[in-house]
Amino acid sequence: MMRHIISILIENEAGALSRVAGLFSARGYNIESLTVAPTEDPSLSRMTLVTRGNDEIIEQITKQLNKLIDVVKLIDLVETPHVERELMLVKLKTTLETREEIKRTTDIFRGSIIDVTANSYVVEMTGPSDKLDAFVAAIDKDNIIEVVRSGTTGISRGEKGLHL
Amino acid sequence: MELSGGQIVVQCLKDEGVEFLFGYPGGAVLHLYDAIFHQEDVKHILVRHEQGAVHSADAYARATGKPGVVLVTSGPGATNAVTGIATAYMDSIPMVIISGQVSTPVIGSDAFQEVDMIGITRPCVKHNFLVKNVADLAETIKKAFHIATTGRPGPVVVDIPKDITDPKIKIPYKYPKKVTMRSYNPAVKGHTGQIKKAVELLLSAQRPMIYAGGGVILGEGSKELIKLTQNLGYPITLTLMGLGAYPATDKQFVGMLGMHGTYEANMGMHESDVIIAIGARFDDRVTGKLAEFCPYAKIIHIDIDPASIAKTVKVDIPIVGEVKSVLKEMLDLIKDSSVKPNEKALAAWWKQIQQWRDVNCLEYDRDSNIIKPQYVIEQLYQVTKGDAIVTSDVGQHQMFAAQYYPFDKPRRWINSGGLGTMGFGLPAAIGVKLAFPDLDVACVTGEASIQMCIQELSTALQYKTPVKIINLNNRYMGMVRQWQEFTYESRYSHSYMDTIPDFVKLAEAYGHVGIQIDKPEQVRPALEQAFAMKDRTVFLDIITDRTENVYPMIEAGKAHHEMKLRVALGTSTDRELA
């Protein structure tokens, strides 16, 4: 079951998100992650949806999405050269002994510490999802207070883009 | 012209050319009903239950090709409409359903008769709108009609909060002539290269089958389908939704296919080497076991909805476009082609089909002294000279009507194919009769289905829609009983009703004529009597054989060539062929 990143240009209307989410649950497709925000044109939103499925399922997913009246355009980023990023915020317990080690690991992963208290750090990190997974794996589980991830978003490489 | 929201809605319907508005009033739509009171152009049909309103409007759309329009109130009015909306959605029927909503300031507060209509209907509409500003009303309604009637048609809900129709707030009104939507551009023309490839494949066929569905009727492509079929000389089968798209009395028609299709249609599909599917969606009731569906065939598929293509069956040549325009292009190419259909192969193929036809899969016991449902339908065909519009409910009677009433024209067979909604038949007949007051309209039903929307008998009286109700009364939910006989060792769990009303008295109580018969020789005279009463709704309660089953049948999980056929006449055991 291959992973696909479906990037959708959709009318920025109330209920548009629920049409997409409802389609996935009604037809039994899975959503691994979903991010959505308005674009530079406030009448349009850009949605990035990560899903898994064989070719037939992905074909149906893209057709069914295109059939939604609010969907203007979409592409499967996996079919073209693209970059993908995810934002993660991790809150970690720290002690005098662990602070240096966490800082070093954060630097190695090119993350930054954006909040510091006597007993905690908040680490900010962006990158492909597997890099974020690797960071979480590299940290001692007992030190993790919470992990917040945005879900993947992505864009195609080169001059071409998804627009009207 | 300055109008209030309520007046705008009514004026939009007028400008859209809406003839009938099927509805039921309530708190959230009172402003709207007041606007309706002041005009006579849009005729309001007051139903007795909102489900009936939607089915009536739906059948009006199926019979005329024009969109059906419904008005219901918020809350229970809206939820009662949902079964009807889902019915229309599954069969791609163009409809606009206007539902009242509580006032915008109280939306989300669990106000009296509040329900999230947009949320509830989302999975069973083509699209829906919540109108939050009276200035958006006219354009939204225009969009609703545009979306409902173009591309693959479907129902569209417009949810209008009460304050939007406030008579005190008036704004300038103008109905847009046209709307364009950047996110909605349904395909019209098919891909020329694909059409060319399809024609080449079609002309190379040795054992071809034309398999057409409801899309041909919705897309007004019947004329082109007939031309294509007759120019090629190929056999044609139709789906339940496609009946009438090709004349059933023509020799090239091999009957309906699928679960209760004919032996020749299903065997033809199974053995075919080239199948052209036109406006049909490879529904599970058509395909049977997918893994063994048409094992030898290359398949061409024409559909307006890209999502219908490769949804259940992978095809070789998909063509996305309007059936009518694609078929026209194909006809031109066939005319100009130097390749002609292979006459020798075709003759052998027709010979084979004749052998399947000789099995006589629709034969039944004609000597029975109990009324056979099949006989009733055959007599109905005779008495109406094949010219009635027949609506049906869902179950055995629906299949008998589809099998034994040959439809020669599109839009004459009105039934709930996709959703299979019991209760559809009677309100549907009323909607059809309103559209075609001069045609005979028969509702073929059963004693279980008819009770699901029986209250519409009252509507039939109020609007003088003299329909004939052909109630095949076998005192069972026949199709449920049949499945229980076949797969649950005849354990008839709750498929029988101990108390069935006296339908004659019931019909009379509603102001109609009721007739009950229980002998085969009464069938013809009773039908003649019923149809002779031009201005009366007649409820013909026909006591039929309790044990009759629908044959042939492809049972769940079986393929086209594994049909169950009736054994010998008069027995209830089955024979397996092939």
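On a predicted model such as this, the values are computed, not experimentally measured, just so you know. Letters go in sequence order (proteins before strands), and every chain restarts at 1.
- For B/F282, the ring pair (Phe, Tyr, Trp, His ring centres under 6.0 Å) partners are B/Y211, B/F293, B/H301, not counting sequence neighbours.
- Within residues 117-125 of chain A, no residue has any heavy atom less than 4.5 Å from a heavy atom of chain B.
- The residues A/K103 and A/E100 are annotated as not salt-bridged, no charged nitrogen and carboxylate oxygen being separated by less than 4.0 angstrom.
- Ranked by heavy-atom pairs under 4.5 Å with chain A, the first of B/I118, B/N128, B/I147 is B/N128.
- Within a 6.0 Å radius of NZ in B/K142, other residues, nucleotides and ligands contribute more than 12 heavy atoms.
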Would you check, one step at a time, whether the test side-chain hydrogen bond (donor to acceptor under 3.5 Å, both in side chains) holds for A/T153 with A/R85?
CA-CA 6 Å; A/T153 187; A/R85 289 292 180 268; over 6 Å; no
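- Salt bridge annotation for B/R285-B/D283: absent, with no cationic side-chain nitrogen under 4.0 angstrom from a carboxylate oxygen.
- Screening A/I8, A/V72, A/L74 against A/N66 for a side-chain contact (heavy atoms from CB on, under 4.5 Å) leaves a single residue, A/L74.
- A salt bridge links B/E292 with B/K289: at least one charged nitrogen is closer than 4.0 Å to a carboxylate oxygen.
- Below 4.5 Å, heavy atoms of chain B meet heavy atoms from A/E56, A/E59, A/Q60, A/K63, all part of residues 51-63 of chain A.
- Atom NZ of B/K132 is surrounded by 12 or fewer heavy atoms from other residues, nucleotides or ligands within 6.0 Å.
- Options B/M181, B/R182, B/K126 differ in how many heavy-atom pairs under 4.5 Å they form with chain A, and the most are formed by B/R182.
- No more than 12 heavy atoms of other residues, nucleotides or ligands sit less than 6.0 Å from atom CG of A/L96.
- More than 12 heavy atoms of other residues, nucleotides or ligands lie within 6.0 Å of NZ in B/K311, so this atom counts as buried by the packing criterion.
- Remark: A/I155 CD1 is loosely packed, at most 12 non-hydrogen atoms of other residues, nucleotides or ligands lying under 6.0 Å away.
- Of all residues in residues 30-42 of chain A, those placing a non-hydrogen atom less than 4.5 angstrom from a non-hydrogen atom of chain B are A/D41.
- Across all their heavy atoms, B/I85 and B/V54 have their closest contact at N-CG1, 3.6 Å.
- At a threshold of 4.0 Å, the pair B/D305-A/K67 counts as salt-bridged, since one of the basic side-chain nitrogens sits closer than that to a carboxylate oxygen.
- Heavy-atom minimum distance, A/T94 versus A/R99: OG1-NH1, 3.1 Å.
- Both the backbone and the side chain of A/S43 come within contact range of chain B, with heavy atoms under 4.5 Å apart.
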